[in-house]
Structure formats: C-alpha cells, structure tokens
Amino acid sequence: MTDRDETFAKVGELIAPFNKKGVELSEATTFAGDLEWDSLTVMDFVAAIEDEFDILITMNMQAEIETVGQLVNAVEDLRNGGE
Amino acid sequence: MTDLFSKFDPLIAERQALLDTGVRDPFAIVMDRVLSPTQAIIQGKETILLGTYNYMGMTFDPDVIEAGKKALDEFGSGTTGSRVLNGTYQGHKACEDALKEFYGTKHAMVFSTGYQANLGLMSTIAGKDDYIILDADSHASIYDGCALGNANIVRFRHNSVEDLDKRLGRLPAEGGRLVVLEGVYSMLGDIAPLKEMVAVAKKHGAMIAVDEAHGMGFFGANGRGVFEEAGVEADVDFVIGTFSKSVGTVGGFIVSNHPKFDVLRLVCRPYVFTASLPPSVVATAATSIRKLMHAENKRAHLWKNSKRLHQGLRDLGYNIATKEAESAIIAVLLPDQEKAVMTWQALLEQGVYVNMARPPATPAGMFLLRCSLCAEHTDEQVDLILERFANAGRIAGVIG
C-alpha cells in the first residue's frame, strides 16, 4: 500500500463509528450529502482525525473539504509539513 | 427561477407541524406590560419572568431610571452617529470610565451591543496569518466574528483543557494566537475551568480573551466575572461583556490593559460603521455599573436563588445540565422538541416564563428550558416557580 492508501484506510476506520447508515466509502463520498453528517458530528470527527494524525484542520480548511478523497489529500499535505 | 426562500422550506414545515399541534409559538412571546425585573403581563396573565438574564435586577433601579431620564432631557434621544464621528458624548466617556473602575483596567471601549463587541474583536485582532482558538460551544457572536475576519480558526472540545493544550501545541511557530473563552456558557449554565485553561494558553504564548456576558455582576469579589473568581485577572488580555444582562440595558464592551488597545477604535469595523448608543442608555449603564460594584447583598441572594431552584428542580425529578448550580442559569434537559414545548407552554399557562432553546443554538442536539434567576426574585417567588414546575412537568408527562 502507498502512504496515501494507508491514510485512506485509516480515515475510513475513523469514519466507521460515525457511519450510522453503513454507507460504502469511496473517494467521492461526501460528508454532508452521503454520510448526512451534521455540524456536531463533523466537529467530533475532525477532532478524531486531528488526534490520530497529530495535525490541525482549521475551520477555514474544513469549509473546503466536501469528500473523503479531499480529506485524505488534506491529511497527506498536512503530514508532509504544511499547507 | 429559484425562490431564494426555498432553502428555508424544511424549517418552515417543521415549525408549522409544531404549531399545528396547537401549542403557542415559543419564539413569538409579547410582554404587554413589564411590572418589575421579575414580573410581566403576557396575554393578560401576570407572569414570573425566569428567562431574562436580568441577573441583578437593575432594570427598574430608581437611580438607573433617573440617570436615563436626565440624559434623555439633556442630550436628546439619540446620537445619530458613529463613535468616531459625532457619536461620542460625555456620557459615552463616563460609561467607559465606569467600566475602567469596575474592572480596574486602563482601557475600555463601549460598543452598541455585546454581539458587536465580539464581532469587532475577533474580526480585527487576528489577521490572515494568525490563529483564533475557540471552544466548540462558543457563542454565535464569537463564531460570527471569526467568519467576518481572515484568521485561521481552530476549535477545541468544550471545556477540555487537554484538548486546548494539544491544539495549541500543534500550531505553527509563526503567527499570533488568540484563545477565546467564556466565563459562563449560556446554553447549559456551566462555567469554564479558567485557571487551568489560562495557564495552558499562557504556556503556549497565546493572548487570551474571556467573554463574561453571563458572569459579570456576581462572580468574584468585585463582581467582575468568573475570571476574577478564578484568580487569572493578570493573565487575561481582553474581557468582553454586555450591558444587556446584569447591567440591565443594552450595549457591549471590551476592557484591556494592552498599551495599544485604543487603536481598535480606528480599525474595528463593528465599532466604526454603526451608530453609537443613545445618551440615555449609556447613562443608565454607567449608573448601574457603579452600583454593581457594591451589590454584595444582591449577589448573595442571586446565588441563594440559583442553588434553591437547582436543588428544587432536581428533587422534582428534572434532569439538569449541570450537577450543581454553577451560575445563575439552570438548564432543564428535555428529551425532544414536543416535550420541551409542552412543558414550556404548561409553565406559561401557570404564569412562569422560561426560555426554550433548540438546536442549532444548543450543543449536542439538546432541547432545553433555560431558567435564569434574578437577584430580585423573592423566596416566595422561587417557591411558586417550583410549585408551577411540578404541575407543568406532570401535565407534560416529563416527571413522575
């Protein structure tokens, strides 16, 4: 697995507890549309991602992230030393 | 063509469904007459007010009223201008002087509302390379101020010292940092562990702003707020507050000891681009603030009322958001919107007005009946309130 695949798998694991409807995850899965998350769920999930990867995802960045693929890209960028 | 209002259709439908069940609209109450800080006439019924944030009961204080009338006579009904143009009268300076004395700070800046004070500070003090670190349960005015500005915004879990520490530790070395806290969180009435949080923020070199909207008047030896009681006055850079709670009128402020603080008057858009408070309002605020410096008896009675109501509601079997009374806000948790509105209405019919709160204003999707005590509530009124809560809870089927 590439680093990105590993990050995708880890993000998937962290989504699982919040994936109440058991939606199948792909790069294009959206948080608001497909997973139907409200702002409180997003908040909890973002905190979990931040703690797992030891990064910060600002609210400004969160506003730009709509899909799982975009989140994985953002996590990869942040882990490789910033924006 | 799209109707711009169609985005609100789900909310309109939800509201209509609720009203169709025959309940009164909790967000459309009209006070026909106001008899005192604790009593009003609503639809012909004399009602005890238990949801006003009028904590210190200053709205009908004779000295306060007198000061307002005098200013109205001498300075007219309004300033019709910005604080930085024609809208600063002697009364605005006197009000800022009263705040400086009350808080023991070098600087004070009066805004037209508390909302604007937060909007002004958040949007101005942190620029695009800076970071604002805020509690997830922060008031809408703090979030809106962040949205108005260009700073990077980082949230931490509500009241979690560890979470704040972790997030501060992950910030890049460059850029300024402002940690925004509230003394009392107004939805649940819980207070922040300010001693620990301020220490953590200092450790990471951040400036600190504390909103004391719901703490001013009755926390700390001088009634300055939770930050005074926590003993962290020397480490807090900005205190934000409002005149629309304990002070008993309307308006907002920031106090600070920072030597460059006054430059904010030139760069803070919610201060510059709006009309200043009317002379009568700043006169009532200044008089009230000076009286609050010596309101020990009122403070003691407010705390007694809050503790009694908390204990009494628990004894009736209500579920309260905090274990003990941490502030003058007692938030009753109800399972869903229907039960919340039923209880709210039953209380109103018995003659008690409380605030109903629902998501998204509330954390974690809670439905709340928020009670806020007043130093002017008598012991007998608290007895009556508890009696009426007992009846209302049984009518709505939320207590046994």
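These numbers come from the heavy atoms of this one structure, side chains and all, not from hydrogens, waters or symmetry mates. Letters A, B, ... mirror the listed sequences (proteins, then strands); counts begin at 1.
Other residues, nucleotides and ligands contribute only 12 or fewer heavy atoms inside 6.0 Å of the CD atom of B/Glu162. For B/Lys166, the NZ atom counts as densely surrounded, since its 6.0 Å shell holds more than 12 non-hydrogen atoms of other residues, nucleotides or ligands. The number of heavy atoms from other shown groups lying within 6.0 Å of CD (B/Gln337) is above 12. Summarising the local packing, NZ of B/Lys7 is surrounded by more than 12 heavy atoms from other residues, nucleotides or ligands at distances under 6.0 Å. For B/Phe5, the CZ atom counts as loosely surrounded, since its 6.0 Å shell holds 12 or fewer non-hydrogen atoms of other residues, nucleotides or ligands.
A pairwise comparison of heavy atoms in A/Asp54 and B/Arg170 identifies OD1-NE, 2.8 Å as the closest pair.
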- Query: After noting the C-alpha distance and the side-chain angles of A/Gln62 and B/Arg155, does the key distance pass the side-chain contact (heavy atoms from CB on, under 4.5 Å) rule?
  - Reply: CA-CA 11 Å; A/Gln62 289 169 38; B/Arg155 287 195 289 190; 4.1 Å; yes
- Task: Could you give me the CA-CA distance, side-chain angles and deciding distance for B/Arg157 and A/Met43, then say whether side-chain contact (heavy atoms from CB on, under 4.5 Å) is met?
- Result: CA-CA 8 Å; B/Arg157 289 183 178 95; A/Met43 155 89 201; 4.1 Å; yes
- Item | Test side-chain contact (heavy atoms from CB on, under 4.5 Å) applied to A/Thr58 and B/Ile153, step by step | CA-CA 5 Å; A/Thr58 63; B/Ile153 311 301; 5.6 Å; no
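Interface residue B/Ala151: only backbone heavy atoms are found under 4.5 Å from chain A. With a 4.5 Å cut-off on non-hydrogen atoms, B/Ile133 does not touch chain A at all.
Two residues are said to be in side-chain contact when any heavy atoms from C-beta on lie closer than 4.5 Å; A/Asn60 and B/Asn152 meet this criterion. The closest side-chain heavy-atom distance from A/Asp51 to B/Arg167 is below 4.5 Å.
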